[in-house]
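Only heavy atoms go into these numbers, but all of them, side chains included; no hydrogens, no water, no symmetry mates. Every value quoted in this text rests on a predicted model; they were computed, and no experiment measured them. To find a chain, count down the sequence lines: A is the first, B the second, and so on, and within it residues start at 1.
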Amino acid sequence: MRYSESFIYTLKEEQKEASIVSHDLLLRGGFISKLASGIYNYLPLGLRVIRKVSNIVREEMNRAGAQEILMANIQPAQLWIESKRWNDYGSELLRIKDRGERDFVFGPTHEEVVTDIVRRFIKSYRDLPINLYQIQTKFRDEIRPRFGLMRAREFIMKDAYSFDADQDGLDISYNKMREAYYNIFSRCGLKVRSVQADSGSIGGRDSEEFMVLSSTGEDEIVTCDSCRFSANMEKAESITMDDAGSEMDLKKVATPGKQTIKDVCEYLNSDDKFSAKALLYKNEKDEFFCFLVEGDDELNETKAARVTGSVELIKLNDEEIRASGLHKGYIGPVNFPNKNIKIICDERLRNRNSLVVGANEEGYHYVGAKLHRDFEPDLMADIRSVKENEICPECRKGVLKKTRGIEVGHIFKLGSKYSESMHALFLDRNGKPKPFLMGCYGIGIGRTMQAAVEQNNDKNGIIWPISIAPFEVELISLDTRSEEIKRYCDNLYTTMLKRDMDVLYDDRDERAGVKFNDADLIGIPIRIIVGKKNFVNNQVELSLRQNNSRQLVNKDDIVENVKELINELYSEIDKGDKI
RNA sequence: CGGGGUGUAGCGCAGCUUGGCUAGCGCACUUGAAUGGGGUUCAAGUGGUCGGAGGUUCAAAUCCUCUCACCCCGACCA
């Protein structure tokens with residue numbers, strides 16, 4: 001591509017809408033442009049990166065035995081009603097109507113469609129296993145889109161779906177995908193780590209996320225400092241502590257004006273952890289819950305939603321609390337006045353002999369409350385968030401450390417959730433109908449691209465890993481008015497094209513500084529600089545974006561030298577760490 | 001959804017408090033000249049129904065009402 005003819009427009013100034021560096025660089029480098037909140041256009045440079053990432057994904061998926069298809073993204077509501085997700089998916093689902101007022105959705109994911117496809121064609125265990133994937137634009141109406149492609153509403157995703165006859169088969173399919181994912185991210189030049197995850201509204205049991213570690217990541221993850229355990233905070237299991245405290249009688253005490261745990265415990269001169277706070281929520285089905293967690297703990301809404309079978313938990317507002325016959329700041333499980341509200345108690349409170357809890361009466365708390373003796377929850381469950389420096393639930397030796405990550409891939413074992421609800425059955429060896437066991441495997445293509453920028457940049461711009469760079473080589477002519485240099489560069493450019501090299505040729509009549517700065521911003525890994533300073537000695541300069549190294553090369557040997565460099569850069573990526 | 005903020009040229013902004021002639025500035029863009037290995041310089045230009053609708057007024061970018069869009073924070077201790 002000749003720069004002078006290209007649709008590449010870089011911006012000098014920082015972009016106001018960008019709050020993280022990768023977003024700013026993609027906008028300034030002319031990779032993407034915003035059309036609406038969470039909705040982006042991919043400009044030529046951006047699309048080239050998208051294609052390179054997609055191709056790596058495609059190659060590795062194919063190699064793992066998956067087959068590419070392309071599913072419709074406008075989907076009839078009927079399928080979503082069948083899978084029960086028409087109601088369960090919530091407001092992230094973009095619903096649309098056709099002229100006949102029939103309901104459709106713009107697909108946020110394709111479990112329903114792929115299950116429908118497979119049930120139409122596959123009737124026998126002999127046809128299993130099968131793995132179908134696509135690279136497709138999706139739409140999820142996010143509460144709050146941000147960080148450019150990191151959390152966009154419209155986004156490109158690779159999603160794969162495996163179908164197996166039995167659990168062993170599913171395990172094999174899942175492991176193949178995990179292997180493929182490691183290959184994909186390492187070929188993209190990314191350092192990723194897989195963590196145990198919650199499967200969210202997609203459903204299913206085992207699930208792992210692939211995280212690009214980054215302080216700007218939206219996910220909080222914990223890792224053990226002594227074993228291999230790592231998990232998303234939403235999922236990380238909490239272990240029960242045997243810190244019973246001494247038993248005492250239940251006693252009501254006045255705590256006038258003391259509503260927060262901190263105030264109450266200070267006032268009563270008691271430790272936060274020997275108190276229980278009560279948090280009131282409702283779910284999408286208008287079921288009400290009172291969650292009890294230790295005073296200095298935080299409720300983990302994801303865990304809470306899971307144990308209550310809720311899609312979405314919403315905190316009750318003050319009015320709803322009052323209407324339920326409760327008193328804000330004085331809510332507790334003892335003599336709980338409302339039978340319609342289920343009490344869910346965190347496991348950590350199981351062994352406590354004595355707790356400070358609200359008395360359900362303005363200005364009063366109980367002290368000395370004990371589980372089973374003084375109150376009876378509807379359910380005991382792990383509903384708290386783990387904290388830093390806590391004992392690892394896996395090895396019970398190390399302690400947990402918090403870090404942040406960008407989720408670029410997610411793999412799940414779905415099991416028969418969709419195949420059962422959608423009657424997707426096959427006949428097994430014995431002629432018995434059975435639901436398919438499914439797995440589902442996603443990669444955010446745009447997010448991977450942006451995560452790569454987040455992980456590889458400096459103050460001047462992007463430093464693309466060669467495998468996903470928009471071009472592998474940039475040829476910069478510093479003297480477009482010299483006939484001799486122009487002839488040489490034009491010639492070199494055509495030669496490289498003929499040899500299938502991926503090159504951007506900056507032939508613009510611009511000053512050197514402009515070209516260098518644009519080149520730094522755009523971040524193409526290898527640079528050939530032709531200027532009269534070296535040309536008089538029959539030399540051109542070869543430099544690398546990643547470390548700004550420079551070497552002079554005879555002008556007639558340049559193609560071979562660049563080829564070598566390209567190979568070197570690719571082999572560096574192949575050697576990259578695999579966690 | 002709650003709170004805060006911003007909409008003025010392609011991008012970044014000033015002007016608004018206290019209404020007043022032709023609405024400015026930087027970057028970008030066009031033309032010319034000089035320059036030519038790290039965003040160079042000079043000169044002359046192009047480009048705006050001031051987000052939209054309504055209202056107040058002799059007069060509205062500026063004041064009022066409504067509306068749309070976008071950004072940030074939150075939706076963790078009741």
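Taking the six-membered ring for Trp, A:Phe336 and A:Phe375 have ring centres at least 6.0 Å apart. Taking the six-membered ring for Trp, A:Tyr9 and A:Phe7 have ring centres closer than 6.0 Å.
Of the candidates B:rC11, B:rC71, B:rG37, B:rG37 carries the atom nearest the A:Arg550 side chain, counting heavy atoms from C-beta on. Closest approach to the A:Glu13 side chain among B:rC27, B:rG36, B:rA78 is made by B:rC27 (side chain taken as heavy atoms from C-beta onward).
Non-hydrogen atoms lying under 4.0 Å from RNA chain B are contributed by A:Arg146, all within residues 146-156 of chain A. Near-neighbour residues of RNA chain B inside residues 528-548 of chain A, defined by a heavy atom below 4.0 Å, number-ordered: A:Ile529, A:Gly531, A:Lys533, A:Asn534, A:Glu541.
Under the salt bridge (Lys or Arg N to Asp or Glu O under 4.0 Å) rule, A:Arg348 has a single partner from A:Glu298, A:Glu237, A:Glu390, which is A:Glu390. Residue A:Asp479 is tested with A:Lys532, A:Lys533, A:Lys486, A:Glu484 for a side chain to side chain contact (heavy atoms under 4.5 Å, CB included); the sole match is A:Lys532. In summary, of the residues considered (A:Met211, A:Gln450, A:Glu454), a side chain to side chain contact (heavy atoms under 4.5 Å, CB included) with A:Ile406 occurs for A:Glu454 alone.
When the side-chain nitrogen and oxygen atoms of A:Ser37 are compared with OP1 and OP2 of B:rC71, one or more of them lie within a distance under 4.0 Å.
Across all strands shown, A:Lys34 has heavy atoms under 4.0 Å from sugar-phosphate atoms exclusively, and none from any base. Across all strands shown, A:Ile143 has heavy atoms under 4.0 Å from base atoms, whether or not it also approaches the sugar-phosphate. Base contact: A:Leu316 has a heavy atom under 4.0 Å from a base atom. At the heavy-atom level, A:Gly295 lies under 4.0 Å from base atoms of the strands shown. Residue-level contact check: A:Asp509 touches the bases, meaning some heavy atom is under 4.0 Å from a base atom.
Judged purely by atom type and a 3.5 angstrom limit, A:Asp374 has no side-chain atom pairing as donor or acceptor with the backbone of A:Val334.
Using P as the reference atom, B:rU46 and B:rG26 are 15 Å apart when rounded to the nearest Å. Comparing the C1' positions of B:rG51 and B:rA60 gives an interatomic distance of 16 Å, to the nearest angstrom. With both ends at atom C1', the span from B:rU56 to B:rG48 equals 26 Å, rounded to whole Å. A gap of 14 Å separates the C1' atoms of B:rU8 and B:rG47, to the nearest Å. Nucleotides B:rG20 and B:rG10, compared at atom P, are 25 Å apart to the nearest Å. Taking atom P in both B:rC50 and B:rA44, the straight-line distance is 28 Å, to the nearest Å.
Ring planes of A:Phe31 and A:Trp464: tilted class, angle from 30 to 60°. The aromatic rings of A:Phe106 and A:Phe139 sit perpendicular to each other, their planes meeting at more than 60°, with 30° as the lower class boundary.
Pairs of residues two or more places apart, or lying in two chains, that qualify as salt bridge (Lys or Arg N to Asp or Glu O under 4.0 Å) and include a residue from residues 547-556 of chain A are A:Glu541-A:Arg550.
Applying the side-chain hydrogen bond (donor to acceptor under 3.5 Å, both in side chains) test to A:Gln196 and every residue at least two apart in sequence or in another chain returns nothing. Residues meeting the salt bridge (charged side-chain N to carboxylate O under 4.0 Å, His left out) test with A:Glu294, sequence neighbours left out: A:Arg352.
Comparing A:Leu35 and A:Lys328 against RNA chain B, the residue whose closest nucleotide sits nearer the 5' end is A:Leu35.
Atom pair A:Glu510:CD and B:rU35:P shows a separation of 17 Å (rounding to whole Å applied).
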Can you give one letter per nucleotide of nucleotides 39-46 of chain B, going 5' to 3': B for a protein heavy atom under 4.0 Å from the base, S for sugar-phosphate only, - for none? BB------

